[in-house]
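Bear in mind that the values here come from a model prediction, so they are computed numbers and not experimental data.
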Amino acid sequence: MGILRSGFSFIAGTVFGIFVAQNYDVPNIKKLTDTGLLVAKHIEETYRKPKKRDGD
């Protein structure tokens, strides 16, 4: 009984995902995460504390 219930949920989710992807403008998640990581890296490099020198 459990495998039927989980199988139905998986198939229903897949069909719903295909329907949404075909009928609506869904953003590219890979491109969105790459852009977010690039912005986070830029912010980190901009506001990072300077490294201490050994001679000081």
Enter the distance from [X]:[atom1] to [Y]:[atom2] here, rounded to the nearest 0.5 Å.
X: Thr33; Y: Leu38; atom1: OG1; atom2: CG; result: 11.5 Å
X: Asn23; Y: Ile18; atom1: CG; atom2: CD1; result: 11.5 Å
X: Lys30; Y: Thr35; atom1: NZ; atom2: OG1; result: 10.5 Å
X: Glu45; Y: Arg48; atom1: CD; atom2: CZ; result: 6.0 Å

In this structure, would Phe16 and Val26 fall into the same cluster of hydrophobic residues linked by side-chain contacts under 4.5 Å?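 Yes, because Phe16 and Val26 connect within a single hydrophobic cluster, where side-chain heavy atoms sit under 4.5 Å apart.
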